[in-house]
Each structure stands twice: as C-alpha cells, then as structure tokens.
Amino acid sequence: MNSIKKRWEAVIAKALASYAESLEINPSVLDTVQLVIQVPPKPELGDFALPLFPLAKIFRKSPQEIAGKIAVLMNEMEEIPAGAVLAEGPYLNMYVNLSRDAERVCKEIADKGSRYGCSRSMEGEKVMIEFSCPNTNKPLHLGHLRNDSIGMSTAAVLEANGAVVRKVNLINDRGVHICKSMLAYEKFSDGATPQSTGIKSDHFVGNYYVKFNTWAKEHKDAEKSAQELLVKWEQNDEETVKLWSLMNKWAIDGIFETYARTGVIFDDIYYESKTYTLGKELVYRGLESQVFYREEDGSVWVDMEEIGLDKKVLLRSDGTTLYLTQDLGTAVARHEDWPFDKLIYVVGSEQQYHFKVLFHVLRKLGITWAENLYHLSYGMVNLPEGKMKSREGTVVDADDLIKTLTELARLEIIEKNRQDEVEDLDGTAAAIAQAALNYYLLQVSPAKDMIFNPAESIAFNGNTGPYLQYMGARISSMLRKYDTLHDGSQKRDSIVFNAELLNLQEEHQLIKQVLLFPDVVEQAGKELNPTVISAYLYELSRLYSKYYHDHQILRAGSDSLTFARVVLSEMVLQVLKNAFALIGIPFLEKM
RNA sequence: GCGUCCGUAGCUCAGUUGGAUAGAGCGCCGGACUUCGAAUCCGUAGGUCGCAGGUUCGAAUCCUGCCGGGCGUACCA
C-alpha cells in the first residue's frame, strides 16, 4: 500500500512543482510545507486525498482553485498510476485502480504465506521483553492476563518487523510476601499438600497467603514474624529454604499450567531468588563509588534530587534486599546473558515510579545501556461491578475465568448443534475462549484502564474474538466447498486470476485492506501497540462479512469471476490467519 | 500537597499523529434465511468530544488554567 502511496506522492510533487513554475514561484518553497496524503473519511471520496490548505499561502490562491489546477495537470501526466484525480472542494482526491496491485499481492501472499505482512523495519534488532512476572504466593489473576496478552502480542509484532525477540519471565519467588504464605503453611497446614487435597497447586499456596492475612488481623506481631522469616531465608536457613523450595514448586507448577491454557510461552525464565544477590553487590559497588550513602541504622539509600525525586532505600537496615534491589541485579544479569539493544518491561502503570527510579539508579551506576530500557506501561483491569479488591475477594482468578469462558463456548457449540462437525469439542471451546480473552484485552490501548466484561467478551456477535474466528471458519468452509465442487487444484492451473473482474466497491475496499496489512504491522511495532492489529482485523472482517453476505462467490456467474472471488477470499483468509497469530487468536477451520 | 495517566453516544471502546458531515460494537426500535455457515447482514434513533480560554485557514487531537476520576508518592511487590 505504501508503495502505491509513494507513487502518487511523486506525481503530486511533480504537478505542484510545475504549477509553481507557471505562477513564477520558486518550487523550492514547496519543501517548507509538509504535505500528508491521507485516506478520505468515506470510500466514495476516493482512495487517497490531499488537503490543499497549507498551499493556499504559498500560491496565494484558494485551496479550491489549486485543487482544480493540480487535478488537470496530474491527469495529463504520463507517469500517473492507474486511476484518476478529482478536485473536490479544497481536496485533491485520488481514485486508484488496484487490479495490478491485487495481482501482485496475490503472488506475494502465495509466496510468503504466513510471512505476508512482515516488515524489515526492525531487522536484526535484539529486543528482550519481560512480562507476566507472577508472585509465587498466589495464582494468576485477570491483571496478569492483560499483561500476558500485551507481552505475547507485542513480542509477536516485533518479530514480524524483523526484530530478534527474547521473551523473558521474572518469577517473584522471594521477599516478605512469600514468607507470609510459608508462615501460614507452617501454622495451619498440618502437612496437607496439593495432592492430598486435590487443589491446583498454585491455588493451594494462595490459600495460605489468604490465611496469613486473616490471621494477621488479630495478631499484631504477624508482620514482624514474616520479616524474621525473610532474614532467616536470606541467611540460608536450611528448614526455611526447604519449605520455600517446596511451596515455590507448587506455585510455579500451577502457574505454568495456566500459561499452557492461554498459550503463553517464554524463551527464558529468571528467578529473583537467583538475581537478588547480584543486586546487593551492585548496591555495595555504588556505595564504594559514593553514588549511594549509608544511614546510621545501616540502611543504604540513593538520593534522586537531580531528577526531582525523593530519596529511596536500596537495602534495609537488617541487610535484606527490596524489590528495587532485585531488579537492578536482574537487569544486569540479563544484559550479561543476552546483550540486548532494547529491554521492554511490560508492567502495570502503578509501577511507573519504580521504573523511573530503577533506570536512574542504573545510570548512576554508570551503566550505559540503561538508556535502552523501556517501561511499557498499561492500565488496570476493572470489572463492570467495580474495582477488583483482594481484600473483598473480588479479584478475578485467571483459571476460573478461563473455565467460565470455555464452558460458555462449549454450550454455544452444542446449542448450535455443531459438536459433531467440530470433532474436538473441548479443544474448540478452549480455542474460542482464548480468542475471546485475548481480543477483548487487546482492543483497549494499553495505556488506558479498562473494564473487562466476561459475558461481552465471549459474545458471538459484535466486535469480539469469536466473531473474527467465525469469519475465518466461514471462509474456510466455503473454500473447502469450492475445492470439492471444482476440484480446485486442477482448476487453479487452467484459470488465470484476473483482478480486473473485481470491480465491486466492496472488492476494491477489501483489496485495499489486504494491501494495507504490512503497514499496519509496521505501525503496531513502531508504537508497541498491538491494538492497532485488532482494529485492523475487525475492519477487514466487517468488510468481508458484508461482501460475503451481499454477493455470491461460488456462483458468481462465470468460472473466471468465481475464481477471482475465491482468490480474493483466500487472500483475506491468509491475512486473517497472520493477524490472528499476532494477537493470540487461534485459527479454527471449523467452529 | 506533589508526580503521572485518563475524561468521546445510555454502556464498552476506536479516532490514521492538526483536516471533509467525530466512528464502531453492545443495548433500543425496525428489517433480511428455498441461496457459499443467520455465531451473519442492513437500517433508524442516540454527541456542547469534561469546562473555559489560547495557537491555527482548520482542534477530539497542540498549549494554559480549572473541574472530575485512576494510579503512584513504603525499610510492600
């Protein structure tokens, strides 16, 4: 699409220059204005448009008059691409004939398949992306699901733009909060295990974290006991470490079961328990070089006055580390393991301050690549009923939600009486649930808080993941039918795809949309924003839906027209698949 | 208080980086299946883009100030 735009730009520039000359104006003044070719608000107004307001001053003519003159000039030019130019008010509107581009992109799609849409805009760039980062004291919740969706999708988008991407997780497996569930287990478990109780292991651990909090309400020294346990842990106390290992394994195993359900995978996993000591060393190093200072009680601090912030603790008076300390160590460990050009942290907006401090402290330590760290911040997920509050038990558990969505999908398949057709009922239901979840979460710009409405997400009509899957399934079904009716593979050799036949307005728009896909992938990468893909995908589906509804494809009237429409449908299907892969929507042949 | 993000239709969200009459979905009301999957499609109604200034030929978009909200501002993570 871009290349078409560029060809038009060149012609426009030439026409403007010759117009300037005819008015005895030096064409170089045209360089001073930025002309942006845009897409008109309505398809009837053409494919591209150029507003001429900025030129009014230069030419001392009204935009309307300029439009008229330029249109005439352009239409007379030999190098004009297939199409026509019309002056409409102060706008220059271009109507493009896309049939040659359609034939070109058809070959390209056949050639590249699942790689169609990929760009080279980030070729070779090494990007590490951190996301998810669960605590090992409780199971994943809805907030993690948004985090995972953004992380997985952003990684896929970067890869599609040629970057070498390494997805990493950081397991938050140490700290005072972990000690709390350990303490409660020691007190209340009576030796119970996930196996003995039949409870999913991360939920099992989470239950003790809840127990600690209720218990702590009536026991003032509870917090202190947890802190003491942390000191024991950092001193490598054998019993403490043993319990810690046991409970962590339970938590992590359970959490990874959930990842398997949502399709979340990592290239590498870091553990804070392994990197925190490096963090400690870094702090000592900073102490020596006097970028940090020690208080009388032994705690270590950094003063951030130079960036307009307050003072911050890096090591507690009892010598134990904090979240920030660990993150210092993790960052350095990562850069040693895999020297990245860029490290993206997908972490909630509530931690903006944390990252400001983290990046600043790393710079203070003289780490040059600190400039290449980026906090991809996203907003909170709320429910239609209001905020999620762990104290009130209104946090949406990830496993529960997935289970609910899957069950709703299963019932819907049965309701539609399609269980025989889909063959794998449970697998299909799970795939639909995943589509519902990822698409809903990736519709809202990351920066914004959002409201997650489970019922709405799984709805089968409207702007939802399942709707998109349905589009893919219908096209697939139709193409299967074409193949059985016409013995498609044989037909393919004897009929030539003639895009000239596709002259319906809907076909024109569909071709345009297909041509646009690589630009969209590039934009999503540049902005680190997967929602760009979602919006594009819905528009493509909507266009095709209407087309499919209003026009016969398999019985288009002639073999060659049918074939042309089938080829267009195949192109749309391939783009659907490719876009699905970028935002975590499983493709289904049948549903 | 300070920092930061946000405020668009009844609800949930887009808005191509400053351009044409601000768009979708849901919900409401009304239409379309002897036709490739109706899990669909089409139409009607619904807006002071939080408010007030400013910059500009032109502002939902940029600037300033208010109002309203979220999140930070821990020897929590």
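In the text below, chain A, chain B and the rest are named by the order of the sequence lines, each starting its count at 1.
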Got [X] and [Y] here, is their nearest side-chain heavy-atom distance under 4.5 Å?
X      : Y      : value
A/L315 : A/W301 : no
A/K512 : A/D47  : yes
A/Y323 : A/H354 : yes
A/L510 : A/Y544 : yes
A/L401 : A/L142 : yes

Pick the nucleotide of RNA chain B nearest each of A/N135 and A/D449; which residue has the one closer to the 5' end?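 Closer to the 5' end of RNA chain B: A/D449.
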Most 5' of A/I413 and A/G175 on RNA chain B, judged by nearest nucleotide: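 Final value for this comparison: A/I413.
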Please state the [atom1] separation for the pair [N] and [M] - nearest whole angstrom.
N     : M     : atom1 : result
B/U34 : B/A39 : P     : 15 Å
B/U35 : B/G30 : P     : 25 Å
B/U12 : B/G18 : C1'   : 28 Å
B/C11 : B/C51 : P     : 15 Å
B/C63 : B/G46 : C1'   : 33 Å
B/G68 : B/C49 : C1'   : 16 Å

Give each protein N/O atom lying under 3.5 Å from an N/O atom of nucleotides 26-29 of chain B, with the pair distance.
none

Could you tell me whether [X] contacts a base, only the sugar-phosphate backbone, or nothing, with contacts defined as non-hydrogen atoms closer than 4.0 Å?
X      : answer
A/M591 : base
A/A473 : base
A/N93  : base
A/P466 : nothing
A/S445 : sugar-phosphate
A/Q351 : base
A/P54  : base
A/E44  : nothing
A/P40  : base

When you get a sec, tell me which of [options] is the closest nucleotide to the side chain of [X]?
X      : options             : result
A/Q38  : B/A20, B/C57, B/A38 : B/A20
A/K356 : B/U4, B/A24, B/G7   : B/U4
A/R316 : B/G70, B/A77, B/G72 : B/A77
A/K57  : B/G3, B/C57, B/U21  : B/C57
A/I432 : B/A39, B/G37, B/A77 : B/A39
A/E350 : B/A39, B/C13, B/G72 : B/G72
A/L45  : B/A14, B/U12, B/A20 : B/A20

Between A/D303 (side chain only) and A/K311 (backbone N and O only), is there a donor and an acceptor less than 3.5 Å apart?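 Side chain of A/D303 to backbone of A/K311, a donor-acceptor pair under 3.5 Å: no, none is there.
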Donor-acceptor pair, side chain of A/N93 and main chain of A/L45, under 3.5 angstrom: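 Pair found, side chain donor or acceptor close to backbone of A/L45.
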Separation of [N] [atom2] from [X] [atom1] (nearest whole Å):
X      : N     : atom1 : atom2 : answer
A/K546 : B/A38 : NZ    : P     : 15 Å
A/F452 : B/G70 : CZ    : P     : 23 Å
A/Y538 : B/G23 : OH    : P     : 16 Å

Could you say whether the aromatic ring of A/Y353 and the base of B/G3 stack, counting only centre distances under 5.5 Å and plane angles under 30°?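 Not stacked by the 5.5 Å and 30° rule.
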What do you reckon, do A/Y91 and the base of B/A20 stack, with centroid distance below 5.5 Å and planes below 30°?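 Aromatic stack with B/A20 present for A/Y91.
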Passes side-chain hydrogen bond (donor to acceptor under 3.5 Å, both in side chains), A/R174 versus A/Q326? Steps please. CA-CA 10 Å; A/R174 44 140 281 125; A/Q326 303 158 178; 2.5 Å; yes
May I have the step-by-step check of side chain to side chain contact (heavy atoms under 4.5 Å, CB included) for A/Q509 and A/K546, ending in yes or no? CA-CA 11 Å; A/Q509 283 177 259; A/K546 183 170 165 50; over 6 Å; no
Under 4.0 Å: is that the gap between some side-chain N or O of [X] and OP1 or OP2 of [N]?
X      : N     : result
A/K448 : B/G7  : yes
A/K387 : B/C71 : yes
A/S545 : B/C41 : yes

B/U17, syn or anti by chi within 90 degrees of zero: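 Syn conformation here, the glycosidic angle of B/U17 being no more than 90° from 0.
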Which residue, A/F460, A/Y538, A/Y439, A/Y440, forms the ring pair (Phe, Tyr, Trp, His ring centres under 6.0 Å) with A/Y467?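 Only match with A/Y467 under ring pair (Phe, Tyr, Trp, His ring centres under 6.0 Å): A/Y538.
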Out of A/Y271, A/W233, A/Y270, which one pairs with A/Y276 under the ring pair (Phe, Tyr, Trp, His ring centres under 6.0 Å) rule?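 With A/Y276 as partner, A/Y271, A/W233, A/Y270 yield a single ring pair (Phe, Tyr, Trp, His ring centres under 6.0 Å), made by A/W233.
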Watson-Crick or G-U pairs under 3.5 Å in RNA chain B, rendered as dot-bracket with [ ] for crossing pairs and | for another strand: (((((((..((((.....[...))))..((((.......))))......(((((..]....))))))))))))....
Under 4.0 Å protein heavy-atom contact, by nucleotide of nucleotides 30-36 of chain B - B base, S sugar-phosphate only: -----BB
A/Y547 and its side chain to side chain donor-acceptor pair (under 3.5 Å) partner, picked from A/E507, A/Q505, A/E506: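 The side chain to side chain donor-acceptor pair (under 3.5 Å) with A/Y547 is passed solely by A/E507 among A/E507, A/Q505, A/E506.
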Please determine whether ring pair (Phe, Tyr, Trp, His ring centres under 6.0 Å) holds for the pair A/F53 and A/Y91, giving the CA-CA distance in whole Å, both sets of side-chain angles, and the decisive distance to 0.1 Å. CA-CA 8 Å; A/F53 305 98; A/Y91 290 86; 5.8 Å; yes
Take the angle between the ring planes of A/F563 and A/Y482 and call it parallel below 30°, perpendicular above 60°, tilted in between.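 Ring orientation of A/F563 relative to A/Y482: tilted.
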